[in-house]
Amino acid sequence: MILPKPNRLNPEQVAEITAITKEFGCHVQPIIGDLRTIYAIVGDERDELMINRLEGLSYVERIDRIQSPFKLMDRRSDLANGRLTIGGVTLGEELLIIAGQCTIDPKNPNLFYETSAAMKEAGAHVLRGGVWKPRTNPYTFQGDNKSLDILMEASRRTGLPVDTEVMDEEHLKLAIEAGVDMLQVGARNALNYSLLRAIGKAIGDRPQTSVLLKRSVHMGPLNEFISAAEYIAAFGNPNIMLCPRGTTPTLDGYRNHPDESATPLLKEKTWAAVVVDPSHSVGKAAYVPAAALAAVAYGADGLCIESHIDPSKGIGDDPKQAITPEVLTKLIKQAKQLWAIRRE
Ligand code: PEP
Ligand code: MN
């Protein structure tokens, strides 16, 4: 990783480091941070001669060689100095609340507008709404491009940034063009490396875009989760939040096995913010507040919660696991109190 002396290098300097790394079979990937841009050397960066030549350049502060399977996401990486601010909240300084429907019903935009207004009123900082849905059953509702317009209209009406899941590169393109602020990578796609790469690269089109990376139920060790995030960072986007959302084998009675306890373990390894999704973890509205508070107690930086103005009228997961705005309002209040206690 090349740490430059100025905040970012000029095109001639980038061309020079690119030419040097190319001689050694590597290439350079800029990682645009909020404070400065750093330059990852992609490829085998161990060649001493390459390192010496790069370190000899007047505009290079130093070359960081972290021996870690995820050198950009590692706690010791220079990226750890960056700060991610979303919807007016700087991660780590205030609890981030992402809330909204699992799924936007394209036939009933008003429901989503009402939910959105209620999320803002309850104190959410980011609005979530599923436009495209990964469904186990191919004959159930799969999402609709029309819902993207509804999502962006809700963003305009509330002034809140929005989060939606992209399942392929076509969704990614549409979401970036529409101005979606936070791209969600779902549990099913968290191991889809070509999608992770494309999401990393997409930051070039919109530098403020952040990524909420869910933990796949198929991920084994936590290193696998952090390595998935490394893909996104290595291809250009460091604005990543890790999202435990329950894993397998399922704890009898819950939808998955709640894994908010992974939070402190992740934080030992990586600087990335941890935003826990208690909704998919337990899968039932009645258990969501306890799982959410447990996540805060474990050190979560934020929560991503499914909530609906009238869950019985919802589609997708909403009838069973969305909490009402009243429950959300109380939960946010308690979560903030717990956040303050945790920091005493
Ligand atoms: C969702 O957020 O609605 C969703 C499908 O989540 P996951 O990918 O965690 O199952
Ligand atoms: Mn859902």
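Pairs passing the ring pair (Phe, Tyr, Trp, His ring centres under 6.0 Å) check and including a residue from residues 63-117, sequence neighbours excluded, do not occur. Listed by first and then second residue, the ring pair (Phe, Tyr, Trp, His ring centres under 6.0 Å) pairs involving residues 129-148 are Trp132-His171 (not counting sequence neighbours). Among residue pairs with one or both ends in residues 190-211, those qualifying as ring pair (Phe, Tyr, Trp, His ring centres under 6.0 Å) are Tyr193-Tyr231; sequence neighbours excluded.
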ask   = What do the steps show when you test Val126 against Leu160 for side-chain contact (heavy atoms from CB on, under 4.5 Å), and what is the final call?
value = CA-CA 6 Å; Val126 181; Leu160 294 179; over 6 Å; no
task = Report the C-alpha distance between Asp277 and Lys214 in whole Å, list the side-chain angles of each, state the deciding distance to 0.1 Å, and finish with yes or no for salt bridge (charged side-chain N to carboxylate O under 4.0 Å, His left out).
result = CA-CA 8 Å; Asp277 169 353; Lys214 298 276 194 106; 2.8 Å; yes
inquiry  = Is there a side-chain hydrogen bond (donor to acceptor under 3.5 Å, both in side chains) between Asn223 and Lys269? Walk through the geometry before answering.
reply    = CA-CA 8 Å; Asn223 282 5; Lys269 293 166 179 277; 2.9 Å; yes
ask   = How far apart are the C-alpha atoms of Arg342 and Val296, what are their side-chain angles, what is the distance that settles it, and do they pass the side-chain contact (heavy atoms from CB on, under 4.5 Å) test?
value = CA-CA 8 Å; Arg342 207 185 78 204; Val296 177; 4.0 Å; yes
ask   = Where do Leu54 and Ile2 land on the side-chain contact (heavy atoms from CB on, under 4.5 Å) test, with the steps shown first?
value = CA-CA 8 Å; Leu54 290 168; Ile2 303 168; 4.0 Å; yes
key: Candidate pair Lys330 and Glu326, rule salt bridge (charged side-chain N to carboxylate O under 4.0 Å, His left out), full reasoning   = CA-CA 7 Å; Lys330 185 172 170 204; Glu326 292 70 39; over 6 Å; no
task = Evaluate the criterion side-chain contact (heavy atoms from CB on, under 4.5 Å) for residue pair Met219 and Leu191; output intermediate values, then yes/no.
result = CA-CA 8 Å; Met219 277 170 180; Leu191 290 165; 3.9 Å; yes
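Connection of Leu213 to Ile226 is established within a shared hydrophobic cluster, with ILVMFWY side chains joined at heavy-atom distances below 4.5 Å, either directly or through further cluster members. The hydrophobic cluster containing Val211 also contains Leu222, counting ILVMFWY residues as joined when their side-chain heavy atoms lie under 4.5 angstrom apart, directly or transitively. No continuous path of hydrophobic side-chain contacts links Ile38 to Met50 [ILVMFWY only; heavy atoms under 4.5 Å]. A continuous path of ILVMFWY side-chain contacts below 4.5 Å connects Val274 to Val288, so both sit in one hydrophobic cluster. Linking ILVMFWY side-chain heavy atoms closer than 4.5 Å, directly or via other members, places Val276 and Val282 in a single hydrophobic cluster.
Checked by atom type and distance alone, the side chain of Thr85 never pairs as donor or acceptor with a backbone atom of Gly88 at under 3.5 Å. No side-chain donor-acceptor contact under 3.5 Å links Glu12 to the backbone of Asn10. Of the possible polar contacts, none joining the Tyr39 side chain to the Ile17 backbone as a donor-acceptor pair under 3.5 Å is found. A donor-acceptor pair under 3.5 Å links the side-chain atoms of Ser77 to the main chain of Leu79, judged by distance alone. With hydrogens and angles ignored, the 3.5 Å screen pairs no side-chain donor or acceptor of Ser307 with any backbone N or O of Ala322. Between the side chain of Thr329 and the backbone N or O of Pro325, at least one donor-acceptor pair lies under 3.5 Å. Between the side chain of His125 and the backbone N or O of Ile97, at least one donor-acceptor pair lies under 3.5 Å.
The pair Lys173-Glu177 meets the salt-bridge criterion, with a side-chain N (NZ, NE, NH1 or NH2) lying under 4.0 Å from an Asp/Glu carboxylate O. Ionic pairing of Arg255 and Asp317 is present here: one or more N-O contacts between side-chain nitrogen and carboxylate oxygen are shorter than 4.0 angstrom. Ion pairing between Glu45 and Lys71 holds under the 4.0 Å rule for side-chain N and carboxylate O. A salt bridge between Glu306 and Arg128 is present, with a side-chain N of the basic residue lying under 4.0 Å from a carboxylate O of the acidic one. Residues Glu48 and Arg65 are paired through a salt bridge, judged by an N-O separation under 4.0 Å between the basic side chain and the carboxylate. Electrostatic pairing of Lys107 and Asp105 does not count as a salt bridge here, judged by no charged N lying under 4.0 Å from a carboxylate O. The existence of a salt bridge linking Lys267 and Asp301 is confirmed by a sub-4.0 Å separation between a basic side-chain nitrogen and an acidic carboxylate oxygen. Salt-bridge annotation for Arg36 and Asp78: present, with a side-chain N of the basic residue lying under 4.0 Å from a carboxylate O of the acidic one.
Distance check, rounded to the nearest 0.5 Å: CD1 of Ile150 to CG of Asp144 gives 7.5 Å. With values rounded to the nearest 0.5 angstrom, Gln321 atom CD is found 9.5 Å from Ser281 atom OG. Separation of atoms CG (Asn110) and CD1 (Ile309) is listed at 11.5 Å; rounding is to 0.5 Å. Atom-to-atom distance recorded for Arg76:CZ and Trp271:CH2 is 14.5 Å, nearest 0.5 angstrom. Going from atom CD1 of Ile32 over to atom CG of Asn239 covers 9.0 Å, rounded to the nearest 0.5 Å. Here the CG atom belonging to Leu95 is positioned 8.0 Å from the NZ atom belonging to Lys336, to the nearest 0.5 angstrom.
Under 3.5 Å, the side chains of Asn189 and Asn192 contain a donor-acceptor pair of N or O atoms. With hydrogens and angles left out, the side-chain atoms of Gln101 and Thr115 include a donor and acceptor closer than 3.5 Å. Using modelled atom types and a 3.5 Å distance limit, the side chains of His218 and Glu224 yield no donor-acceptor pair. Neither side chain, Ser116 nor Thr158, offers a donor N or O lying under 3.5 Å from an acceptor on the other.
Between Met182 and Val162, the closest side-chain pair of non-hydrogen atoms is not below 4.5 Å. Side-chain atoms of Pro238 and Leu72, non-hydrogen and from C-beta on, never get closer than 4.5 Å to each other. Annotation: side chain of Ile98 is in contact with side chain of Val275 (closest heavy-atom distance under 4.5 Å). The closest side-chain heavy-atom distance from Leu96 to Met241 is below 4.5 Å. Put simply, the side chain of Ile323 reaches to within 4.5 Å of the side chain of Leu331, judged on heavy atoms. Taking 4.5 Å as the limit, every side-chain heavy atom of Phe235 sits out of range of all side-chain heavy atoms of Glu230. No side-chain heavy atom of Asn256 sits less than 4.5 Å from a side-chain heavy atom of Thr247. When side chains are defined from C-beta on, Thr209 counts as touching Ile176, because their heavy atoms get closer than 4.5 Å.
Ala175 and Leu183 make their closest contact through CB-CD2, 4.0 Å (heavy atoms, listed as atom of the first residue, atom of the second, distance). Residues Ala233 and Ile240 come closest through the heavy atom pair N-CD1, 3.8 Å. Pairing each heavy atom of Lys133 with each of Cys102, the nearest pair is NZ-O, 3.1 Å. When all heavy atoms of Ala228 and Leu196 are compared, the closest pair comes out as O-CD1, 3.6 Å. Between Ser68 and Asp74 the shortest heavy-atom distance is OG-OD2, 2.9 Å. Looking at every heavy atom in both residues, Ser155 comes nearest to Leu127 through N-CD2, 4.4 Å.
Residue-environment remark: CZ (Arg157) exceeds the threshold of 12 foreign heavy atoms within 6.0 Å.
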